[in-house]
Undergrad: 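Starting off with a structure, shown below.
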Amino acid sequence: MAVGSNDPRYPSLITPWNRRFQGNPQNVHLVRTAKQIADVVSDAVGANKRIAVRSGGHCFENFTSSPDIQELIDLSQMSDVYYDPKRRAFAVESGATLGQVYNALVKGWAVTIPGGICPGVGVGGHIAGGGYGFLSRRYGLAADHLYAVEVVVVDGSGKSRIVVATRDQGDPNRDLWWAHTGGGGGSFGVVTRYWLRSPGVNSNDPAELLPRAPATMIRRSLTMTWEQLTSASFLKYFRNYCNWYEQNSAPDSPNANLWGGFFAFHQSAGPVGFIVGVDSGVPGAQSLIDAHCEAVMSGVGVQPVADNTEFAPYLDDRNWQHQPYARSKDKAANLRKGYSDSQIATIYRHLTDPEPTNAGAAFTMSGYGGKINAVAPGATATADRDSVLRAYFTGGRWNAAADDAKNIKWIRELYRDVYSETGGVPVPNAINAGGYINYADADLADPAWNTSGTSWAELYFKSNYPRLQQIKKRYDPQNVFRHALSIVPM
């Protein structure tokens with residue numbers, strides 16, 4: 001069904017999650033089958049019209065809302081989640097949100113996937129970009145559990161076709177499956193459906209095909225104020241946090257069961273602290289959490305103003321993060337080890353700058369490693385298999401266009417200064433490990449902000465990029481599916 005600008009539904013269908021961007025497509029296509037998508041794609045290619053595809057719409061950049069997009073394919077009506085006995089896997093249509101997937105898997109079979117913590121995110125781009133969340137240290141990435149993918153692709157003549165690609169070694173389309181285990185969304189075609197089954201599992205019982213969902217999560221959070229911290233105590237706290245993940249992120253470590261997040265909001269709003277959680281069914285769960293907290297706070301010399309422990313059922317809303325539609329600018333980076341003292345001092349300086357800024361501006365880190373790093377860098381398209389932390393920089397969220405300049409300036413300068421020794425971006429070295437394509441940042445392709453001489457493609461995909469280019473050439477030789485950070489055909 002094509003919805004044009006005169007239709008009363010149109011404004012609701014073109015509103016992006018990041019309201020800094022606003023597209024104006026000629027039509028929004030509400031599709032329900034792969035065949036419908038193939039027809040829309042063929043017609044658009046035949047008319048030489050620019051196509052974009054939206055699943056959940058949670059894109060940091062304008063990949064689905066660029067002004068030059070003429071035909072927008074909306075997958076939101078394709079949201080079924082069910083067990084497919086033929087493939088012995090769970091079929092997930094690509095318009096489903098993570099919240100819908102978790103609810104269906106848990107309530108139907110008591111299983112889950114180690115995906116993201118924002119239930120409104122669509123699986124279409126999330127799994128294709130790797131997908132990680134608070135169970136990833138224990139179970140790997142969401143894409144590590146991808147068995148097969150159905151994609152509408154376009155050949156050199158402009159004809160569309162539907163391809164199913166699996167991880168089976170003998171599959172002639174296996175490369176297309178591989179590309180969707182970290183190559184990012186919007187590069188190869190329209191993903192219409194995923195099939196999920198953990199590697200190495202051989203069972204006809206659907207309840208054994210994916211990780212068991214936790215019954216209850218234990219979560220402990222410690223909070224401090226900026227008034228309590230000096231530059232020295234902040235450094236000690238920050239260093240302790242990084243050290244713990246450096247020492248406890250091996251795939252077979254009992255501490256790989258823990259997930260955690262470090263947060264430091266701008267001093268105009270505060271607070272500073274960290275959170276750690278674990279499945280309550282893990283042996284010694286509470287002891288693991290308490291030992292982690294003791295290690296992070298050791299020698300900091302500050303008594304937290306709040307120290308709370310909660311027990312929440314897995315699907316409880318307290319375990320998930322809801323992000324409203326607003327304007328934003330966000331950045332990210334992967335870490336093989338903790339930041340240097342000078343980088344930590346830079347973060348402290350920007351967060352305590354008295355210049356007024358958005359109250360939501362923050363620097364955060366989340367735990368990485370564990371079972372994520374049990375997979376070889378080339379086994380999937382996700383090359384980052386030796387990091388222990390993922391850093392996230394945000395200018396916060398705001399509503400007025402008049403606030404864009406100051407908020408974007410703050411986050412860009414923070415990121416540039418943290419990576420001043422490597423050209424303003426996280427060029428892979430002993431500390432840095434590049435970026436995460438699901439946290440897309442077009443600045444990495446802008447020579448004004450990336451002066452490193454290292455391309456955005458290497459920052460995101462490292463040595464896997466040439467293979468991704470070859471796959472792009474095979475399945476999308478006309479470069480029909482493209483955006484600012486899409487794979488460029490070889």
Side-chain angles (χ1 to χ4, degrees), residues 17 54-58 75-84 87 89-149 180-181 185 191-199 201 205-219 257-261 275 277-282 310-324 366-367 370-372 438-439:
W17 174 77
R54 184 179 63 204
S55 176
H58 281 65
L75 302 173
S76 61
Q77 304 306 296
M78 297 178 62
S79 58
D80 283 354
V81 180
Y82 58 94
Y83 175 63
D84 182 348
R87 298 191 187 277
F90 291 98
V92 177
E93 292 185 334
S94 58
T97 64
L98 287 173
Q100 290 172 317
V101 173
Y102 298 146
N103 270 279
L105 293 178
V106 172
K107 293 177 181 178
W109 301 273
V111 298
T112 191
I113 58 171
I117 64 172
C118 298
V121 169
V123 297
H126 183 72
I127 293 177
Y132 88 109
F134 60 67
L135 292 179
S136 289
R137 280 171 53 84
R138 186 180 186 186
Y139 294 124
L141 301 175
D144 293 340
H145 300 266
L146 178 63
Y147 169 68
V149 60
H180 286 86
T181 60
V191 176
T192 59
R193 182 164 35 175
Y194 293 108
W195 284 269
L196 302 167
R197 187 206 319 151
S198 298
V201 174
D205 182 354
E208 296 179 351
L209 300 180
L210 287 173
R212 298 295 290 177
T216 303
M217 301 297 294
I218 309 174
R219 182 177 63 183
N257 290 296
L258 295 183
W259 61 272
I275 185 170
V278 67
D279 176 354
S280 63
V282 170
E310 291 184 291
F311 294 78
Y314 179 64
L315 291 179
D316 191 291
D317 207 46
R318 288 171 290 178
N319 289 325
W320 311 99
Q321 185 177 94
H322 299 268
Q323 293 185 319
S366 55
K371 286 295 192 296
I372 298 171
N438 278 357
Y439 291 168

Undergrad: Which residue in the set W109, W195, Y82 passes ring-ring contact (aromatic ring centres under 6.0 Å, His included) when paired with F90?
TA: W109
Undergrad: Could you check if a side-chain atom of L135 sits within less than 4.5 angstrom of a side-chain atom of P214, using non-hydrogen atoms only?
TA: yes
Undergrad: Which distance, rounded to the nearest 0.5 Å, do you find between the CD of Q100 and the OG1 of T97?
TA: 3.5 Å
Undergrad: Give me the atom names and distance for the closest heavy-atom approach of V106 to A213.
TA: CG2-CB, 3.8 Å
Undergrad: What's the shortest heavy-atom distance between V191 and L75, and which atoms?
TA: O-CD1, 3.7 Å
Undergrad: Return yes if a side-chain donor-acceptor contact under 3.5 Å exists between Y132 and S366, otherwise no.
TA: yes
Undergrad: Mind checking the CG-CG spacing from L196 to D144? Nearest 0.5 Å is all I need.
TA: 11.5 Å
Undergrad: Side-chain contact test, heavy atoms from C-beta onward, threshold under 4.5 Å: evaluate it for R138 versus P114 and give yes or no.
TA: no
Undergrad: Is there a donor-acceptor pair under 3.5 Å between the side chain of E93 and the backbone N or O of D80?
TA: yes
Undergrad: Please confirm whether the backbone N or O of S280 pairs with a side-chain atom of T216, one donor and one acceptor, at under 3.5 Å?
TA: no
Undergrad: To the nearest 0.5 Å, how far apart are CG in L141 and CD1 in I372?
TA: 5.0 Å
Undergrad: Test side-chain contact (heavy atoms from CB on, under 4.5 Å) on I127 and H180 and set out the steps.
TA: CA-CA 7 Å; I127 293 177; H180 286 86; over 6 Å; no
Undergrad: Out of curiosity, I117 CD1 to L98 CG, how far, rounded to the nearest 0.5 Å?
TA: 10.5 Å
Undergrad: At what distance, to the nearest 0.5 angstrom, does CG of L209 lie from CZ of R87?
TA: 14.0 Å
Undergrad: Test your reading of the model: is there a side-chain donor-acceptor pair from R219 to the backbone of R318, 3.5 Å cut-off?
TA: yes
Undergrad: Between G115 and A142, which heavy-atom pair has the shortest distance, and what is it?
TA: CA-CB, 4.1 Å
Undergrad: Kindly say whether G125 contributes a backbone atom to a donor-acceptor pair with the side chain of S55 at under 3.5 angstrom?
TA: no
Undergrad: Are any of the side-chain heavy atoms of P206 and R197 separated by less than 4.5 Å?
TA: no
Undergrad: Could you check whether any side-chain heavy atom of V121 comes within less than 4.5 Å of a side-chain heavy atom of Q323, counting everything from C-beta outward?
TA: no
Undergrad: Out of curiosity, L258 CG to F134 CZ, how far, rounded to the nearest 0.5 Å?
TA: 13.0 Å
Undergrad: Under the rule for side-chain contact (heavy atoms from CB on, under 4.5 Å), what residues qualify as partners of A207, not counting sequence neighbours?
TA: D205, R212
Undergrad: At their closest point, which heavy atom of F311 faces which heavy atom of I218, and how far apart are they?
TA: CE2-CG1, 3.5 Å
Undergrad: So does P313 get a backbone contact from the side chain of N319, meaning a donor-acceptor N/O pair under 3.5 Å?
TA: yes
Undergrad: Do the side chain of Y194 and the main chain of G124 share a donor and acceptor less than 3.5 angstrom apart?
TA: yes
Undergrad: Identify the heavy atoms of H145 and P211 that sit nearest to each other, and give their distance.
TA: CE1-CG, 3.7 Å
Undergrad: Evaluate the criterion side-chain contact (heavy atoms from CB on, under 4.5 Å) for residue pair I113 and L210; output intermediate values, then yes/no.
TA: CA-CA 7 Å; I113 58 171; L210 287 173; 3.9 Å; yes
Undergrad: Can you tell me if Y139 uses its side chain to pair, donor with acceptor, with the backbone of S198 under 3.5 Å?
TA: no
Undergrad: Any idea which heavy atoms bring H322 and P119 closest together, and the distance?
TA: CE1-CG, 3.3 Å
